[in-house]
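To keep things clear, I will list the structure first and then write my remarks on it.
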Amino acid sequence: MRIVVSDDPDSAVHQAADIVERFVSTSESRALGLATGRTMEGLFAGLVNRHRQGLSFRAVDAYLLDEYVGLDRCDPNVYRSVVHRLLARHVDLDDGSLHGPDPRASDTDAECARYEREVRDASIGLQILGIGSNGHIAFNEPGTPFDSVTRVVELSEQTRSDNARFFAAGHSVPAQAMTQGIATILAASELLLVAVGAGKASAVARAVEGPITDAVPASAIRMHSNVTVVLDPPAAQGLE
Ligand code: GLP
């Protein structure tokens, strides 16, 4: 595992964007796994800048890690809309090349099984990850078995409270989501985890230096042979 501690959040995002740019412009695989969340907003902005300097996403197929259950398809918090708004519509990534679970699927279990097959068939080349303050990756909450695949999950109170900042007053964070499992994520050829800010320090320290345990879902990335973790100094402050 490579750990990069950048000078500040902007540099962390810049270094993460370098890794994504290298993948998009040189890799044989064109299947890129995208995360969402505040950390990713900076990374997406960096990728949009690189597109303006010539980086093309035309050949890329992008796959979402997870999606809320039950939001209207036009809800701004639907992760597909988030990625469209912050990345896809500013670059040459077609809507048809953006893949994810359908938040309005009537049979969510069937939708998860369909998406698991889609992601496995695609063979993700580079999977970008954030980390939740409780150590989650995608929406795999503490206690998730490492052999888990795409499925419906109940969100923890911690995650719902962390993500409430994205929802307008009077709109609550859904109780459920569809998420790629830990095994699905680990099947990608390469992982890139990005974390900035002191709020992530404890989760990062437990993931990177604590026991590899399902109590800390992000610790599973240490079972992968090709992982880069990019941090800013506050997110790295708990590391030995
Ligand atoms: C959500 C996403 C995760 C992401 C996490 C951290 O819960 N499902 O994939 O890693 O948020 O996001 P933020 O960068 O906003 O802290």
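Numbers here are sequence positions counted from 1. Atoms within each ligand, like the ligands themselves, are counted from 1 in listed order.
Near Thr36, meaning under 4.0 Å from one of its heavy atoms, ligand 1 places the atoms 4 (C). Counting atoms of ligand 1 from 1 in the listed order, those under 4.0 Å from a heavy atom of Arg165 are 13 (P), 15 (O), 16 (O). In the vicinity of Thr39, heavy-atom distances shorter than 4.0 Å reach the ligand 1 atoms 13 (P), 14 (O). Listed by atom number, the atoms of ligand 1 under 4.0 Å from Arg38 heavy atoms are 13 (P), 14 (O), 15 (O). In the vicinity of Phe166, heavy-atom distances shorter than 4.0 Å reach the ligand 1 atoms 15 (O). Near Phe139, with a cut-off below 4.0 Å to any heavy atom, the atoms of ligand 1 are 7 (O), 8 (N). Within the listing of ligand 1, atoms 2 (C), 8 (N), 9 (O) sit less than 4.0 angstrom from a heavy atom of Asp66.
Geometrically, ligand 1 and Met40 share no nitrogen or oxygen pair separated by less than 3.5 Å.
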Item checked: Step-by-step side chain to side chain contact (heavy atoms under 4.5 Å, CB included) determination, Leu231 to Ile3 -> CA-CA 8 Å; Leu231 307 168; Ile3 301 179; 4.0 Å; yes

Checklist line | side chain to side chain donor-acceptor pair (under 3.5 Å) evaluation trace for Ser6 with Gln15 | finding: CA-CA 8 Å; Ser6 302; Gln15 285 185 280; 2.3 Å; yes

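Two rings, from Phe167 and Tyr68, have their centers less than 6.0 Å apart.
A salt bridge is defined here as a Lys NZ or Arg NE, NH1 or NH2 lying under 4.0 Å from an Asp or Glu carboxylate O, and Arg22 with Glu190 meets this definition. Salt bridge status for Arg151 with Asp109: absent, with no side-chain N to carboxylate O gap under 4.0 Å.
Contacts between Glu141 and ligand 1 below 4.0 angstrom, taking non-hydrogen atoms only, are absent altogether. Contacts between Tyr68 and ligand 1 below 4.0 angstrom, taking non-hydrogen atoms only, are absent altogether. Counting heavy atoms under 4.0 Å from ligand 1, residue Ile131 touches it through the backbone alone.
Between Ala35, Ala138, Gly130, it is Ala138 that holds the heavy atom closest to atom 3 (C) of ligand 1. Closest heavy-atom approach to atom 11 (O) of ligand 1 within the set Arg160, His136, Lys200, Gln158: this belongs to His136.
Here the protein heavy atom with the shortest distance to atom 12 (O) of ligand 1 is Gly37 CA, 3.8 Å.
Enclosure of atom CZ in Arg58 is not indicated, since only 12 or fewer non-hydrogen atoms of other residues, nucleotides or ligands lie within 6.0 angstrom.
Side chain of Asn140 to main chain of Ile137: a donor-acceptor pair is present (N/O by atom type, distance under 3.5 Å, no hydrogens or angles). Judged by distance alone, with hydrogens and angles left aside, the side-chain atoms of Glu67 form no donor-acceptor pair with the main-chain N or O of Met178 at under 3.5 Å.
Between the side chains of Asp8 and Ser11, at least one donor-acceptor pair of N or O atoms lies under 3.5 Å.
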